[in-house]
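First the structure, in the form of structure tokens, and then the observations on it.
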Amino acid sequence: MNTRKILAGAALAVAGTLALGGCAAGGGSGQNADGSVTLTLWHNSTTGDGKKYWEDIAAAFEAANPGVTVEIQAVQNEEMDGKLQTALNSGDAPDLFMARGGGKLADIVTAGQAMDLTDKISADAKTALGSSLSAFVIDGKNYGMPVAVLPSGIFTSQDLLTAAGVTSAPTTIDELEAANAKIKATGVAPIAVGAKDAWPAAHWYYNFALRACSKDVLDSAAASRSFDDPCWLKAGEDLQSFLATQPFNDGFLTTAAQQGAGSSAGLLANHQAAMELMGAWDPGVIASLTPDEQPLADLGWFPFPEVSGGDGEPGAMMGGVDGYSCWVNAPAQCTDFLNFLVNKENQEAYAKAFQTLPASSEAEGAVTTPALKSVLEAYSKAPYVSVWLDTLYGQNVGNALNVAVVDMFAGKGSPQGIVDAVNAAASR
């Protein structure tokens, strides 16, 4: 199966007003007085196998590169963007940092804070990664190395669906609403959502927008970062109608996404909710939150259902690519580390540690979880995959979008309010 699919709107032109400052003179090169080199690395895996993966990969790189030390800092996912922006603004950023492409990376590039990797990616890496590299192309140049492809869909507890009499995966929103009613009658929450963290709630809007808007509109918005087409309003109206059916867990506005048994992932992991809309990293998060900290035995998955009346192409998916970039002032060994990171052995180890889909097509054999195999199959057949909208539009516009969606979840906003919030943020 082919995971090397171009993400719609990912190869952006650099444009827009930026929150980051210009390239600062501060910060070291990583070269020590004795000739040794220290690389600093920020990632978002604070516990378990993911955290150990980074420790192991750093140790292996050090062993293969005498005189190089990799200093690791694990940053909680919801804190990463803000902490990284502060570090970049200070001129003393980590040499290696997590990147997701789109407008967020374009902002960093325009501020002169990311290294151009175009001529530094090995031929082997280019072959294995294929067009997943395009997620980090800004104005024709590459500024990041992908490590995972993360299409989204609805993860499920198959046991809870069966107990509710839901015997086949919903393919339309009407079918999903009917399934929700059956599940609710069993006393279980149909769908868990961690709206406290904003982006999980916003992912519902993203997917409704994917069904309402054509690929051309999605690509156009990547450049304009504004919602000028009527489909954006339709997406909000479709989501508002879905919200009226009360599909989510009690207390969803104060529920976190991935931290603890009471998070949305934890509710699915402990059979207190039947479904969760999330990206392909979710199986690993769910496994860390089950009572025995093992993969959820009955984990299933199906694509986001189709929605009538929209211009989106059936089968299109929302998703992202996780990767890593080098700070503009990082030592040369930074790019050596990135090439090392995506060799077949290390990509297989990444897929196993995080229970996710590797960016390298050579490492797909490491994908053994049935739910992830279903994701990979749908991804391989998808006509296109659009990157997360908050990533696509950059931090300022993306944050405004996410907040406006949460306001509607809370009954304080409207579909028009989402459109207005995005357009207002884009105009600043």
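This chain uses plain numbering: 1 for the first residue, then up along the sequence.
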Which pairs would a plain distance check flag for residues 190-199, meaning a side-chain donor or acceptor within less than 3.5 Å of a matching protein atom at least two apart in sequence or in another chain?
residue : atom : partner : partner atom : Å
D197    : OD2  : A257    : N            : 2.8
W199    : NE1  : E78     : OE2          : 2.8

task = Any chance you could measure T369, atom OG1, to W301, atom CH2, to the nearest 0.5 Å?
result = 14.0 Å
key: Set of side chain to side chain donor-acceptor pair (under 3.5 Å) partners for T46, sequence neighbours left out   = none
task = Can you see which heavy atom on D95 is nearest to which on T38, and at what distance?
result = OD2-O, 3.4 Å
request  = Mind telling me whether Y393 and W232 have parallel, tilted or perpendicular rings, with 30° and 60° as the class edges?
outcome  = perpendicular
message = Just so I know, are the side chains of L299 and P283 near enough to count as touching, which here means a heavy-atom distance under 4.5 Å?
response = yes
task = Could you pull out all residues at least two apart from D311 that satisfy side-chain contact (heavy atoms from CB on, under 4.5 Å)?
result = S214
request  = Identify, with sequence neighbours excluded, every residue that meets salt bridge (Lys or Arg N to Asp or Glu O under 4.0 Å) alongside E348.
outcome  = K344
message = Is the ring pair F354/Y53 parallel, tilted or perpendicular, if the boundaries are 30 and 60 degrees?
response = perpendicular
query = Where do K51 and S45 come nearest, in terms of heavy atoms and distance?
reply = CB-O, 3.4 Å
query = Crowded around E55 CD? As in, over 12 foreign heavy atoms under 6.0 Å?
reply = yes
message = Test of understanding: with side chain to side chain donor-acceptor pair (under 3.5 Å), list the residues that count as partners of S264, not counting sequence neighbours.
response = E276
ask   = Under 3.5 Å, is there a donor-acceptor pair between the side chain of N207 and the main chain of F304?
value = no
request  = Check whether any side-chain N or O of N346 sits under 3.5 Å from a backbone N or O of N339 as a donor-acceptor pair, and report yes or no.
outcome  = no
request  = Just say parallel, tilted or perpendicular for the rings of W54 and F337, cut-offs at 30° and 60°.
outcome  = parallel
ask   = If we only count heavy atoms from C-beta on, is the Y206 to L277 side-chain gap below 4.5 Å?
value = no
message = Please enumerate all residues that pass ring-ring contact (aromatic ring centres under 6.0 Å, His included) together with F302, with sequence neighbours excluded.
response = none
message = Test: salt bridge (charged side-chain N to carboxylate O under 4.0 Å, His left out). Region: residues 36-50. Which pairs qualify, not counting sequence neighbours?
response = none
Table please: side-chain donor-acceptor pairs of residues 160-174 below 3.5 Å, with sequence neighbours left out.
residue : atom : partner : partner atom : Å
T162    : OG1  : Q158    : O            : 2.9
T171    : OG1  : E175    : OE1          : 2.9
T172    : OG1  : E175    : N            : 3.1

message = Any side-chain to backbone donor/acceptor pair from N402 onto N399? Under 3.5 Å, distance only.
response = no
message = Over 60° means perpendicular and under 30° means parallel, so tell me whether F208 and F242 are parallel, tilted or perpendicular.
response = tilted
request  = Can you sort out the partners of Q73 under side chain to side chain donor-acceptor pair (under 3.5 Å), two or more places apart, ordered by chain and number?
outcome  = W42
key: Result of checking L129, D124, V342 against S360 for side-chain contact (heavy atoms from CB on, under 4.5 Å)   = L129
query = From M275 CE over to L267 CG, what is the distance, rounded to the nearest 0.5 angstrom?
reply = 13.0 Å
request  = Taking all heavy atoms of N44 and all of M80, pick out the closest pair and write down the distance.
outcome  = N-CE, 3.9 Å
Test side chain to side chain donor-acceptor pair (under 3.5 Å) applied to K83 - qualifying residues, sequence neighbours left out = none
note = The complete set of salt bridge (charged side-chain N to carboxylate O under 4.0 Å, His left out) pairs with one or both residues in residues 321-337, sequence neighbours excluded, reads R100-D322
ask   = Taking the side chain as C-beta and beyond, is there a heavy-atom pair between W327 and T40 under 4.5 Å?
value = no
task = Work out which heavy atom in V188 is nearest to a heavy atom in A274; give both atom names and the distance.
result = CG1-N, 4.0 Å
ask   = Is the closest side-chain heavy-atom distance between F136 and Y324 below 4.5 Å?
value = no
ask   = P94 versus L84: any side-chain heavy-atom pair under 4.5 Å?
value = yes
Please set out all donor-acceptor pairs under 3.5 angstrom arising from side-chain atoms of residues 141-154, sequence neighbours excluded.
residue : atom : partner : partner atom : Å
N142    : OD1  : G144    : N            : 3.0
N142    : ND2  : L133    : O            : 3.2
S152    : OG   : M318    : O            : 3.0

Between N180 and T245, a side-chain donor and acceptor under 3.5 Å = no
query = How far apart are the closest heavy atoms of Q113 and L88, and which atoms are they?
reply = NE2-O, 2.8 Å
ask   = Is there a donor-acceptor pair closer than 3.5 Å between any side-chain N or O of S380 and the backbone N or O of L376?
value = yes
request  = Any chance you could measure D116, atom CG, to T335, atom OG1, to the nearest 0.5 Å?
outcome  = 11.0 Å
query = Counting N and O atoms only, with roles assigned by atom type, does the side chain of Q258 sit under 3.5 Å from a partner on the main chain of A265, one being a donor and the other an acceptor?
reply = no
inquiry  = Quick check: do L268 and M278 have side-chain heavy atoms less than 4.5 Å from each other?
reply    = no
ask   = If every non-hydrogen atom of A382 is compared with every non-hydrogen atom of G315, which pair is closest and at what distance?
value = CB-O, 3.4 Å
request  = Would you tell me whether D159 and S157 have side-chain atoms, one donor and one acceptor, within less than 3.5 Å of each other?
outcome  = no
ask   = Going by the angle between their ring planes, with limits at 30° and 60°, are H203 and W388 parallel, tilted or perpendicular?
value = parallel
